[in-house]
2 protein chains.
Amino acid sequence: MKKQPVVNNTNICRTRINAIKDTMDILSGKWKFHILGTLMQGGKMRFMDLLREVDGIAAKMLSKELQDMEMNKLVNRTIQNTKPITVEYEVTEYGRTLERIIDEIAIWGIEYRKGLYEKNS
Amino acid sequence: MKKQPVVNNTNICRTRINAIKDTMDILSGKWKFHILGTLMQGGKMRFMDLLREVDGIAAKMLSKELQDMEMNKLVNRTIQNTKPITVEYEVTEYGRTLERIIDEIAIWGIEYRKGLYEKNS
DNA sequence: TAAACTAGTTTCCAATTGGAAACTGATACC
DNA sequence: GGTATCAGTTTCCAATTGGAAACTAGTTTA
């Protein structure tokens with residue numbers, strides 16, 4: 001008789017695992033955190049602003065990631081009636097609910113660097 | 001004259017961006033959160049236990065991800081002197097410092113699901 | 001008139017990720 | 001002797017990710 005899973009078989013646990021999967025799917029890829037972080041700090045920003053601020057990103061990626069996040073209601077896109085037309089992006093109120101996750105991740109990373117530094121000295 | 005980045009050019013911001021990058025590099029891939037979450041709940045677990053508990057993972061992946069996390073001191077590997085030999089994995093004290101991130105991510109994901117559910121009803 | 005800026009899209013390519021299945025080699029159970 | 005378990009490793013393959021560069025198309029400035 002084969003052994004069956006035990007730990008991950010409870011309802012609470014499955015819910016948790018699905019929740020983590022959902023969040024990480026939405027924030028997947030190399031750039032989402034960078035873009036979100038930049039937008040959170042910069043407020044309303046245009047496409048070319050983001051292209052300059054988010055270090056190393058290509059236009060294709062920026063475009064794709066913004067569309068992704070727009071679909072998930074994390075980011076808002078508004079076309080300004082200027083000449084030439086400009087497009088403004090900003091983090092939605094809903095997107096702001098990610099701030100705590102991003103903060104925790106940043107805090108952990110900072111402590112991690114400290115640890116590296118201490119070992120090497 | 002070309003425009004220069006402004007927002008992401010401050011020291012605080014660069015530190016933050018690097019910190020986020022560090023954390024996400026360490027937790028990259030499809031499985032780290034699952035494995036960590038399972039180990040946090042299950043305590044000491046053997047390779048085959050994890051293979052059963054972490055739904056869908058292949059042995060190759062599990063092996064690789066565990067090695068990865070062992071290198072980063074998130075997980076501890078001990079060979080038991082049994083016959084046949086068994087190997088125990090557990091989250092290190094350091095690995096436990098990731099609990100807050102994982103919690104925040106899980107909480108966000110749960111709220112996200114609630115949102116989807118409300119819209120569809 | 002040429003160059004630069006607006007916001008992207010398209011194409012082509014290389015690297016990475018990750019899955020399935022087979023394999024190892026020792027031990028233990030029936 | 002045959003099968004199953006332990007903890008992996010190896011190989012081969014397909015899909016995804018992401019980068020560079022060229023391109024669109026309209027507007028504006030020198």
Side-chain angles (χ1 to χ4, degrees), chain A residues 1-6 17 20-21 24-36 38-39 42 44-72 75-90, chain B residues 1-6 17 20-21 24-36 38-39 42 44-72 75-90:
Chain A
M1 178 153 152
K2 275 197 182 173
K3 282 189 191 171
Q4 291 296 315
V6 179
I17 286 170
I20 290 170
K21 197 174 171 313
M24 295 320 292
D25 281 354
I26 287 169
L27 298 176
S28 67
K30 197 176 165 184
W31 296 108
K32 300 239 170 60
F33 281 106
H34 289 298
I35 298 169
L36 274 177
T38 304
L39 273 177
K44 286 183 186 172
M45 295 179 74
R46 288 178 305 167
F47 187 84
M48 290 307 284
D49 289 337
L50 282 167
L51 206 53
R52 270 184 294 266
E53 295 287 340
V54 181
D55 197 38
I57 198 170
K60 187 186 81 171
M61 272 298 120
L62 181 57
S63 173
K64 205 209 82 193
E65 298 291 59
L66 284 170
Q67 279 173 30
D68 243 54
M69 294 194 285
E70 205 196 337
M71 277 204 315
N72 286 318
V75 160
N76 215 296
R77 179 178 184 271
T78 28
I79 300 167
Q80 301 302 110
N81 195 13
T82 54
K83 295 201 170 178
I85 56 149
T86 53
V87 178
E88 270 181 6
Y89 292 93
E90 64 179 326
Chain B
M1 179 154 153
K2 272 196 183 173
K3 282 189 191 174
Q4 291 296 314
V6 179
I17 286 171
I20 290 169
K21 197 174 172 312
M24 296 319 293
D25 280 353
I26 286 169
L27 298 175
S28 67
K30 195 176 164 182
W31 297 107
K32 300 244 169 57
F33 281 105
H34 288 299
I35 298 169
L36 274 177
T38 304
L39 273 176
K44 287 182 184 172
M45 295 180 75
R46 288 178 306 168
F47 188 84
M48 289 309 284
D49 289 337
L50 282 167
L51 206 52
R52 270 184 294 266
E53 295 288 340
V54 181
D55 197 41
I57 198 169
K60 187 186 83 172
M61 269 298 119
L62 181 56
S63 173
K64 206 209 80 192
E65 298 291 60
L66 284 170
Q67 280 173 29
D68 243 55
M69 292 194 286
E70 207 196 336
M71 279 204 313
N72 286 318
V75 159
N76 215 295
R77 180 179 184 271
T78 29
I79 300 167
Q80 301 303 109
N81 195 15
T82 54
K83 294 196 172 179
I85 56 151
T86 51
V87 179
E88 270 181 7
Y89 292 93
E90 63 178 327

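Sequence lines set the chain letters: A, B, ... in the order given, protein chains first and strands last, and positions in each chain run from 1. Everything quoted here is computed from the prediction, not taken from an experiment.
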Return the [atom1] to [atom2] distance between [X] and [Y], rounded to the nearest 0.5 Å.
X: B:Leu66; Y: B:Leu39; atom1: CG; atom2: CG; value: 7.0 Å
X: A:Gln80; Y: A:Ile85; atom1: CD; atom2: CD1; value: 10.0 Å
X: A:Met45; Y: A:Leu50; atom1: CE; atom2: CG; value: 4.5 Å
X: B:Glu88; Y: B:Asp49; atom1: CD; atom2: CG; value: 9.0 Å

Rounded distance (Å) that lies between atom [atom2] of [N] and atom [atom1] of [X]:
X: A:Phe33; N: D:dG18; atom1: CZ; atom2: P; answer: 13 Å
X: A:Leu51; N: D:dA20; atom1: CG; atom2: P; answer: 12 Å
X: A:Arg52; N: C:dA4; atom1: CZ; atom2: C1'; answer: 12 Å
X: B:Met48; N: C:dT27; atom1: CE; atom2: P; answer: 18 Å
X: B:Gln80; N: D:dG8; atom1: CD; atom2: P; answer: 12 Å
X: B:Glu53; N: D:dA7; atom1: CD; atom2: P; answer: 14 Å

Next on the checklist: Using a 4.0 Å heavy-atom cut-off to protein, can you give one letter per nucleotide of nucleotides 23-30 of chain D, 5' to 3': B if the base is in contact, S if only the sugar-phosphate is, - if neither?
Outcome noted: ----SS--
Checklist entry - Should A:Lys30 be listed as having a side-chain N or O under 4.0 Å from OP1 or OP2 of C:dT16? => result no
Checklist entry - More than 12 non-hydrogen atoms from neighbouring residues, nucleotides or ligands closer than 6.0 Å to CG on A:Asp25, yes or no? => result yes
Evaluate the side-chain proximity of [Y] to [X]: yes if any heavy-atom separation is below 4.5 Å, no if none is.
X: A:Leu62; Y: A:Trp31; value: no
X: B:Asp68; Y: B:Val75; value: no
X: B:Ile57; Y: B:Ile35; value: yes

Checklist entry - Among D:dG19, D:dG8, D:dC6, which is the nearest nucleotide to the side chain of B:Thr86? => result D:dC6
Checklist entry - Short question: side chain of B:Lys32, backbone of B:Ser28 - any donor-acceptor pair under 3.5 Å? => result yes
Item to check | Proximity to DNA chain D (any heavy atom under 4.0 Å), residues of residues 55-69 of chain A only | outcome: A:Lys60, A:Met61
